[in-house]
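Just below is one structure, and these are the notes that go with it.
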Amino acid sequence: MESKHMSAFALYQSLQLDLSPPVKKPFQRVQVEVKKKKKKLNGSAAVSVNQSRAKRKKIRNKLLKAAHKEESKKARPDITQEEEEEEESVTGESLDAVLTELTKVNNSRERARKLFQWLIKPVSAKTFFRETWEKKPVFVQRKNPDYYKGLFSTAEFDRILRKENVQYGVNLDITSYVNGKRETHNPPGRALPFTVWDFYESGCSVRLLNPQAFSSTVWNVLSILQEQFGSMAGANVYLTPPGTQGFAPHYDDIEAFVVQLEGKKHWRVYNPRSEDEVLPVLSSPNFDQAEIGKPILDVVLEAGDLLFFPRGFIHQGICLPDAHSLHITISSYQKNSWGDLLQKVIPAALEVAMEEDVEFRRGLPLGYLTYMGVQNSDKEDQRRVKFLSRIENLMKRLPNYAPVDAAVDQKAREFFHDCLPPVLTRDELATSVQGAPSRWEDGEVKDVGVHITTQTQIRMLRAGCARLCSDGDAVHLCYTTDNSRVYHKEELKSFEIQTELTDAVEFLIHSYPNFVTVESLPCDSVQEKIALAELLFEKGIIHTAEPLQAPPTVQSH
């Protein structure tokens, strides 16, 4: 690695540091809590409800039907599916124009679909998820270097280094891959421009982790896309000097969208080496070239191009001698498989089964250790056949006790903890708690106590910003509006919802994107309706159709 600047690189190379990226915490099984001695409803642990719940649910369903009636009238059944997909794309000369156009979309799920369609255009989303997702890589060549312009740049990278507290090993990695050896060269402390650019000049790649913590545009894009996937959308930025490679061949445990922003890079993608590495649970170690065979895709990405590959596909990128490379990898679907869900379902199902089914509580056969286990696995013994048959029968009974909905809620809670908070539009700022007129002025507080009335029109801030989850004993409302841009910087945001108010919250969630009046909430009293609306407004979970007005000033005589 010859360069006119070798000081920082030479110093830390001499330390022979090989600090790989921060080690992911091992997957911890989270037990699904189930309420003891309760029968299940729809496969989940029961939650006690009062006598009027069924009545309120009928009212809620009636109101939901009315709320969606107007939208149904606007539907155009003559539109074909292909035409509908075409309508879902967005246009714009720049990403800023695209994001501005999306602020006019009333439904956040539709907004996510449109942005995703823009990301992979001209491939249609329908075709992508049917033929490519989790199946094979795809290369989109656009010959339009400005297609992704505005998402991120080396100029913004430099600004972040100068103005933000970027820490080596936490927010940024310095890496190299030379003569088949991958190394990380992170010094301790803050990553300042002088040292970072010295490393770059010395031939090292620079990886910025979680750029959404520093870039508002990346934050905005990822916060929209996470609704498309129903799973965290993350990102890393990679800056590579000409003629170098920063990482060894490897595969990841995420679905990866490589967005080329500047320069160009030569990519090779390889099939999983065996069935055991198809859609893997964990990322791989670094591979030698001899271990990975021949590439199935060998392409050069230039600015404006896109490369997608599923988890398990080995890949490596090499910078060409005549240009640097800046790309951002957008990722999703980490630990979001059927197996991850079943790791929560099965332990909980066993707990319920052992409480409710005596067959699971009967004792193991006397002497089973003499014919079962590895040391006896090659024996031909009818007792083994009978034992395995009993296991099979019990396994077949297990789904009857599986609290699937409770397990899904556990997955949802994890997702809500992972989520980025929404980036609010100008209208949402004006009509949410952040735009309330209360303020400090001339030495005193002004306009406190803005009133929500029964005629105030409200809706959820986003389709996926809040969710009811039960732990078996209580119902909590999890929400994302107070999350941090820094991954897991804070605990999951949630609070308990009184049982008699759950139907009203469900009504609000399912009414989205329509506004509904506070009066229409299926609560037992006007006071409960207003109190619930005020609580959700204060938490930033809902917003109003029009900005709330300050209460009239009372004149004293």
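We're numbering straight along the sequence, starting at 1.
- Proximity of Phe247 to Arg207: side-chain heavy atoms (C-beta onward) are separated by under 4.5 Å at one or more points.
- Inspection of the Ser283 and His250 side chains reveals no N or O donor paired with an N or O acceptor under 3.5 Å.
- The ring of Phe157 has its center no closer than 6.0 angstrom to the ring center of Tyr200.
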Worked check of salt bridge (Lys or Arg N to Asp or Glu O under 4.0 Å) between Glu227 and Arg113: CA-CA 8 Å; Glu227 283 204 50; Arg113 287 194 296 269; over 6 Å; no

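- Across every non-hydrogen atom of Ala466 and Ile509, the tightest pair is O-CD1, 4.0 Å.
- Of the possible polar contacts, one joining the Asn171 side chain to the Gln167 backbone as a donor-acceptor pair under 3.5 Å is found.
- For Tyr148 and Phe257, the ring centers are positioned 6.0 Å apart or more.
- Minimum heavy-atom separation, Pro188 to Tyr168: O-CD1, 4.0 Å.
- One side chain, Glu156 or Ser215, offers a donor N or O that lies under 3.5 Å from an acceptor on the other.
- Residues passing the salt bridge (Lys or Arg N to Asp or Glu O under 4.0 Å) test with Lys396 are Glu392, sequence neighbours excluded.
- A 4.5 Å side-chain heavy-atom check between Val269 and Phe139 finds every atom pair outside the cut-off.
- Summarising the geometry of Val423 relative to Arg462, their closest heavy-atom pair is O-NH2, 2.8 Å, with the distance given to 0.1 Å.
- Within the 4.5 Å cutoff, the side chain of Asp252 has heavy atoms near those of the His315 side chain.
- Residues forming a side-chain contact (heavy atoms from CB on, under 4.5 Å) with Gln316 (at least two apart in sequence, or on another chain): Gln245, Pro249, Arg268, Tyr270, Gln289, Ile292.
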Could you walk me through whether Arg485 and Ser216 satisfy the side chain to side chain contact (heavy atoms under 4.5 Å, CB included) test, starting with their C-alpha distance in whole Å, then the side-chain angles of each, then the deciding distance to 0.1 Å, before giving a yes or no? CA-CA 10 Å; Arg485 289 164 63 176; Ser216 295; 4.0 Å; yes

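- Between Asp158 and Trp197 there is a side-chain heavy-atom pair separated by less than 4.5 Å.
- Between Leu394 atom CG and Ser389 atom OG the span is 9.5 Å, to the nearest 0.5 Å.
- Thr329 places no side-chain N or O within 3.5 Å of a backbone atom of Asn236 that could act as its donor or acceptor partner.
- Between atom CG of residue Leu192 and atom CG of residue Asn165 there is a gap of 9.0 Å, rounded to the nearest 0.5 Å.
- Ser337 and Asp340 form a side-chain donor-acceptor contact under 3.5 Å, judged by distance and modelled atom types alone.
- The aromatic rings of Tyr147 and Trp118 sit parallel to each other, their planes meeting at less than 30°, with 60° as the upper class boundary.
- The side-chain contact (heavy atoms from CB on, under 4.5 Å) test applied to Thr425 returns Thr103, Asp427, Glu428, not counting sequence neighbours.
- Without hydrogens or angle criteria, Lys344 side chain to Ala406 main chain gives no donor-acceptor distance under 3.5 Å.
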Side chain to side chain contact (heavy atoms under 4.5 Å, CB included), that's the test. Do Val299 and Gln141 meet it? Break it down for me. CA-CA 10 Å; Val299 295; Gln141 186 178 38; over 6 Å; no

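- Here the CD atom belonging to Gln228 is positioned 9.5 Å from the OG atom belonging to Ser332, to the nearest 0.5 angstrom.
- Not a single donor-acceptor pair under 3.5 Å links the side chain of Ser108 to the backbone N or O of Arg111.
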Audit row: Val221, Leu119, side chain to side chain contact (heavy atoms under 4.5 Å, CB included) steps and yes/no: CA-CA 10 Å; Val221 168; Leu119 178 73; over 6 Å; no

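- Looking only at distances, no side-chain donor or acceptor of Asp253 sits under 3.5 Å from a matching main-chain atom of Pro280.
- When atom types are taken as modelled, the side chain of Ser484 and the backbone of Val486 share a donor-acceptor pair closer than 3.5 angstrom.
- Here CZ of Arg142 is found 10.0 Å from CG of Leu301. Values are rounded to the nearest 0.5 Å.
- The aromatic rings of Phe309 and Trp267 sit tilted, their planes meeting at an angle between 30° and 60°.
- Considering CD of Gln260 and OH of Tyr238, their distance stands at 13.0 Å, rounded to 0.5 Å.
- Using a 4.5 Å heavy-atom cutoff, the side chains of Phe116 and Leu225 are in contact.
- Listed here is the closest heavy atom pair of Lys114 and Val105: CD-CG2, 3.8 Å.
- With hydrogens and angles left out, the side-chain atoms of Asn483 and His417 include no donor and acceptor closer than 3.5 Å.
- Between Tyr333 and Pro310, the closest side-chain pair of non-hydrogen atoms is not below 4.5 Å.
- Taking OG1 of Thr480 as the reference point, atom CG of Leu492 lies at 10.0 Å (rounded to 0.5 Å).
- No donor-acceptor pair closer than 3.5 Å links the side chain of Arg467 to the backbone N or O of Cys478.
- Between the side chain of Thr127 and the main chain of Val123, no donor-acceptor pair closer than 3.5 Å is present.
- Checked by atom type and distance alone, the side chain of Asn210 never pairs as donor or acceptor with a backbone atom of Gln212 at under 3.5 Å.
- Leu95 has its side chain out of reach of Lys149: every pair of non-hydrogen atoms, C-beta onward, lies at least 4.5 Å apart.
- Closest non-hydrogen pair, Ile254 versus Ser331, comes out as CD1-CB, 3.6 Å.
- Side-chain N/O atoms of Ser153 and Glu262 include no donor and acceptor closer than 3.5 Å.
- No side-chain heavy atom of Asn179 sits less than 4.5 Å from a side-chain heavy atom of Lys181.
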Yes or no on side chain to side chain contact (heavy atoms under 4.5 Å, CB included) for Leu209 and Tyr487, after CA distance, side-chain angles and deciding distance? CA-CA 10 Å; Leu209 307 168; Tyr487 179 70; over 6 Å; no

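- The heavy-atom pair separating Val140 from Ile120 by the smallest distance is CG2-O, 4.2 Å.
- Atom CD of Glu490 has more than 12 neighbouring heavy atoms from other residues, nucleotides or ligands inside a 6.0 Å radius.
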